[in-house]
Protein chains: 2
Amino acid sequence: MSGTDKFVEDLTDKSDDFSRWYGEVIQKAQLADYAPVRGCMVIRPYGFAIWELMQAALDKRIKDTGHQNAYFPLLIPENFLAKEAEHVEGFAPQVAWVTHGGNEKLEERLAIRPTSEAIICHMYSKWIDSHRDLPVLINQWANVMRWEKVTRLFLRTAEFLWQEGHTAHATEAESEEETLKMLEVYRDFIETEMAIPVIKGRKSEQEKFAGALRTYSVEALMSDGKGLQAGTSHNLGQHFAKVFDITFQDVDGERRHVWQTSWGVSTRLMGALIMVHGDDSGLKIPPRIAPIQAVVIPIYRKETERAEVLEASHQAASLLKAGGVRVYVDDRDQYTPGWKYNEYELRGVPLRLEVGPRDVAARQVMSVRRDNRAKEAIAWDFLAERVPMVLEEVQKALFQKALEFRESSTRSAATLDELDVVVSEHRGFVRAYWCGRNSCEDQVKARCAATIRCLPLDDHSEPGKCVVCGADAPHRVLFAKSY
Amino acid sequence: MSGTDKFVEDLTDKSDDFSRWYGEVIQKAQLADYAPVRGCMVIRPYGFAIWELMQAALDKRIKDTGHQNAYFPLLIPENFLAKEAEHVEGFAPQVAWVTHGGNEKLEERLAIRPTSEAIICHMYSKWIDSHRDLPVLINQWANVMRWEKVTRLFLRTAEFLWQEGHTAHATEAESEEETLKMLEVYRDFIETEMAIPVIKGRKSEQEKFAGALRTYSVEALMSDGKGLQAGTSHNLGQHFAKVFDITFQDVDGERRHVWQTSWGVSTRLMGALIMVHGDDSGLKIPPRIAPIQAVVIPIYRKETERAEVLEASHQAASLLKAGGVRVYVDDRDQYTPGWKYNEYELRGVPLRLEVGPRDVAARQVMSVRRDNRAKEAIAWDFLAERVPMVLEEVQKALFQKALEFRESSTRSAATLDELDVVVSEHRGFVRAYWCGRNSCEDQVKARCAATIRCLPLDDHSEPGKCVVCGADAPHRVLFAKSY
């Protein structure tokens with residue numbers, strides 16, 4: 001693809017204009033592009049390759065916990081969406097409507113799924129009959145559409161890709177266990193594969209999913225100090241089961257409504273990846289989800305050096321491939337090594353391996369880490385052994401750095417004034433007591449545009465006084481401005 | 001999932017009512033279900049697991065031939081679709097239109113993609129600038145929608161899943177090479193993985209893709225004697241490049257339009273799988289794409305036998321899992337072994353492994369092939385070695401049987417009367433001479449509802465006389481009734 005030649009020099013400094021830097025990184029690293037339909041994006045091959053690696057890692061976890069994939073229809077009849085009152089109220093304003101099929105006007109409008117509870121519940125009411133049919137543990141990978149007013153690549157687009165799990169259980173306890181199990185799957189996936197630390201917690205009543213009994217989420221902190229909801233897991237209770245009439249004959253012969261969950265993560269995570277790890281030189285992709293984990297750059301000046309350097313470069317790549325490393329040799333003549341260094345830094349390739357005439361003579365390659373630019377000469381004989389170790393070190397270092405940033409960016413506040421100052425001056429997460437009333441939550445939002453990200457599950461503090469009204473508050477919650 | 005208890009006994013004989021048999025197999029093996037939106041389907045977990053294995057096998061081939069995956073938007077502005085005259089004429093009657101986003105009427109209608117040439121060409125015109133950007137080799141896995149009047153699960157549904165490759169090249173020769181390369185990828189994938197023999201050929205002018213220069217296809221014969229187009233590969237020429245203005249600066253400094261291809265296969269292949277291999281007992285899934293390759297059925301009468309039989313069953317499964325076999329132990333107490341035999345025959349599991357008290361004593365399992373019901377006692381010590389061999393034998397036998405059926409169902413005809421008799425009485429493929437005129441093609445269609453499936457690439461016959469008009473005909477083509 002063209003047009004990368006002048007990109008790196010042009011990249012805006014992250015500290016100068018974070019939002020502009022974000023957009024430029026996406027365009028210049030060719031992760032995604034704007035589509036001609038408002039708010040829609042094209043995910044380009046490099047961006048999609050990252051998404052595919054993320055998908056594979058998460059899909060494995062979803063299957064290992066007993067779920068199966070399936071596929072439900074894109075279109076949902078309007079009356080289905082309307083059945084659950086909170087659900088339709090939450091989603092109707094964002095729905096894209098199909099009104100015509102071919103040359104004919106449809107009798108009923110069809111929604112492009114903003115989420116699939118309504119259509120899936122309809123099918124479950126047909127499929128589930130006995131306690132022996134439970135639990136139903138199904139996931140789907142799909143595109144969904146929410147007609148957003150303000151959009152930003154990956155973070156908020158009219159169409160996005162996601163997975164949505166939908167399960168049905170015989171008891172409330174089982175549905176709650178499932179909800180928390182998948183929340184933990186998300187934590188493990190995001191922290192282990194994406195090197196992004198997250199906080200597990202419960203959403204406030206106002207922030208929960210439209211139609212859910214309880215919503216849990218994993219919350220991450222971006223490097224500009226704003227929070228991002230990285231994944232959600234909902235205990236739907238029996239809300240949908242009652243309106244879609246999903247019942248089963250229990251062991252005691254009684255017919256009961258099922259208990260349901262749903263849970264999802266989306267291409268939004270690509271936005272988190274960029275914003276958590278990236279720097280002024282561009283992306284930093286954690287090795288486990290990097291399409292290219294190591295790039296080999298041949299370096300030569302004279303034509304006489306060319307053949308041996310290229311041969312050594314490809315031999316190094318073969319050794320690494322055999323060792324399971326995703327490696328690429330950039331042997332293009334039309335670009336200088338220096339240009340290539342910038343290019344692969346921009347694209348966030350975790351490790352650069354330089355091969356010059358002196359390296360050939362010394363039977364080594366010079367490795368340079370993307371995350372901290374640490375150099376290390378690696379002898380050929382240890383290449384296949386050492387490179388995977390370095391990649392694992394990079395993976396851990398990225399997580400550690402993000403974790404340290406989050407810890408140093410998490411503050412506490414005892415009053416609304418304090419909370420306002422912390423949010424406005426420092427950004428980051430703020431732990432503060434909250435009494436549980438919507439009105440106090442609203443006051444924080446009005447005062448400093450921060451919302452309750454979650455009620456962290458790991459918060460074991462003593463009861464205190466609400467940061468807004470001073471009333472008794474059972475526990476501290478996490479406030480932040482957010483994407 | 002419920003409702004399978006009485007299924008097997010009810011299955012209609014294939015020879016009595018093929019169409020009904022087809023629908024029942026899909027429902028009873030829980031491959032798919034009808035959705036509440038007309039013509040749309042739900043792909044259930046067992047069906048989707050087959051599709052996932054097919055996807056993985058084809059995706060590997062697509063990547064091994066140098067292509068990368070990406071994702072383009074679901075919605076296409078009406079004016080984009082209208083740019084290529086033949087293209088819009090071919091697809092407009094089948095388009096589902098989005099007219100409202102949220103509560104607002106859109107200024108321009110948006111088509112749910114029936115295929116993505118229009119949106120992808122728009123992006124390529126932005127991305128391609130120099131000969132160094134070529135070739136562009138991109139594929140996407142996506143859902144598409146065609147508002148069909150008459151639908152049938154998998155074969156013709158309003159929404160279906162597919163992959164669509166879209167490439168751009170500097171020269172006509174390269175685009176033709178790509179078109180034929182992907183046709184060969186399809187042949188290899190369908191024959192090797194799905195055990196379905198196909199004939200590669202070129203489509204007639206009337207049957208080609210709307211907007212293409214040339215369309216090639218792989219054609220399969222179903223076991224009811226009707227043909228099915230299993231995949232297509234189009235040389236788009238410069239038709240789209242000209243209307244979407246996709247140009248590049250060539251090595252000589254001139255700006256030229258690119259040459260393009262597109263190619264796709266869809267969930268329609270699931271229909272072929274059922275119709276080619278299935279029998280009166282249900283599905284027969286080729287082992288390479290079978291979610292369960294071997295099912296272990298524990299058999300015991302007395303409670304005293306139960307423990308040792310179950311232990312041996314799970315041990316056998318562990319051995320096989322370690323050997324890379326996808327194996328499942330059905331140790332449910334509420335069903336008899338006989339019920340389970342029927343169930344897994346219906347579901348097309350290639351191999352059944354029975355473990356009874358005598359097998360435990362003899363340190364063996366009794367294997368029964370789904371395709372020919374051949375029995376074989378396999379000693380424990382050879383299980384991990386022998387089962388993969390048997391699975392490979394089943395794979396080959398399924399292909400061989402389908403090939404023999406196709407060969408014995410392929411006839412020739414010299415006159416329209418003969419062609420009519422052969423098509424009506426025997427069905428199957430008919431090889432006959434055709435002069436190349438649309439009018440003769442139309443006459444065959446009017447007379448016996450057969451169409452030209454393709455001009456086979458392997459036909460090296462001498463020129464002859466057209467089966468309709470008797471004029472000189474350069475070669476024989478393949479006629480058939482088709483899905």
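What you are looking at is a predicted structure, and each value in this text was computed from that prediction instead of being measured. Convention: sequence-line order gives letters A, B, ...; per-chain numbering from 1.
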Item to check | Distance-minimising heavy-atom pair for B:Ile43 and A:Ala70 | outcome: O-CB, 3.3 Å

Checklist entry - Who among B:Leu110, B:Asp33, B:Asn103, B:Ile120 has the most heavy-atom pairs with chain A under 4.5 Å? => result B:Asp33

Checklist outcome for this item: One should read off an interatomic distance between A:Cys40 SG and B:Tyr71 OH, to the nearest 0.5 angstrom, of 9.0 Å

Item to check | Full working for side chain to side chain contact (heavy atoms under 4.5 Å, CB included) between B:Val37 and A:Ile76 | outcome: CA-CA 7 Å; B:Val37 173; A:Ile76 303 177; over 6 Å; no

Checklist entry - Roughly how far apart are B:Gln68 CD and A:Glu52 CD, rounded to 0.5 Å? => result 9.5 Å

Next on the checklist: Please classify the contact of A:Leu134 with chain B as side chain, backbone, both or neither, using a heavy-atom distance under 4.5 Å.
Outcome noted: neither

Item to check | B:Met41 versus chain A, the contacting section by heavy-atom distance below 4.5 Å | outcome: backbone

Checklist entry - Checking heavy atoms, do the side chain of B:Glu108, its backbone, both or neither come under 4.5 Å from chain A? => result neither

Checklist entry - Is A:Lys60 atom NZ crowded by more than 12 heavy atoms from other residues, nucleotides or ligands, each under 6.0 Å away? => result no

Checklist entry - Under 3.5 Å, is there a donor-acceptor pair between the side chain of A:Glu159 and the main chain of B:Leu74? => result yes

Next on the checklist: Could you go through B:Val98 and A:Thr99, starting from their C-alpha distance and side-chain angles, then the distance that decides it, and tell me whether this counts as side chain to side chain contact (heavy atoms under 4.5 Å, CB included)?
Outcome noted: CA-CA 6 Å; B:Val98 174; A:Thr99 57; over 6 Å; no

Checklist outcome for this item: Under 4.5 Å to a heavy atom of chain B? For A:Tyr34 that would be backbone

Item to check | Contact class of A:Trp97 relative to chain B, heavy atoms under 4.5 angstrom | outcome: both

Checklist entry - Based on non-hydrogen pairs under 4.5 Å, which of B:Gln140, B:Arg109, B:His122, B:Gln94 is most in contact with chain A? => result B:His122

Next on the checklist: I'd like to know whether B:Trp127 forms a side chain to side chain contact (heavy atoms under 4.5 Å, CB included) with A:Arg44, so could you lay out the CA-CA distance, the side-chain angles of the two residues, the decisive distance to 0.1 Å, and finally the verdict.
Outcome noted: CA-CA 11 Å; B:Trp127 295 344; A:Arg44 298 184 70 170; 3.4 Å; yes

Item to check | Rounded distance [0.5 Å steps], CH2 in B:Trp141 versus CZ in A:Phe48 | outcome: 11.0 Å

Item to check | CA sep, side-chain torsions, deciding dist, call: B:Ile112, A:Leu75, side chain to side chain contact (heavy atoms under 4.5 Å, CB included) | outcome: CA-CA 11 Å; B:Ile112 296 184; A:Leu75 301 181; 4.0 Å; yes

Item to check | Which atoms of A:Lys105 approach chain B - backbone, side chain, both or neither, heavy atom under 4.5 Å | outcome: neither

Item to check | Test item: A:Leu106 and B:Trp147 side chains (from C-beta on) under 4.5 Å apart, heavy atoms | outcome: yes

Next on the checklist: Looking at B:Glu107 and A:Arg38, is any side-chain nitrogen of the basic one under 4.0 Å from a carboxylate oxygen of the acidic one?
Outcome noted: no

Checklist entry - Under a 4.5 Å cut-off applied to non-hydrogen side-chain atoms, are A:Pro36 and B:Met123 in contact? => result yes

Item to check | 4.5 Å side-chain heavy-atom contact, A:Asn69 and B:Trp51 | outcome: no

Next on the checklist: Shorter than 4.5 Å, heavy atoms on both sides: which option in A:Ala92, A:Pro93, A:Ala49 has the most such pairs with chain B?
Outcome noted: A:Pro93

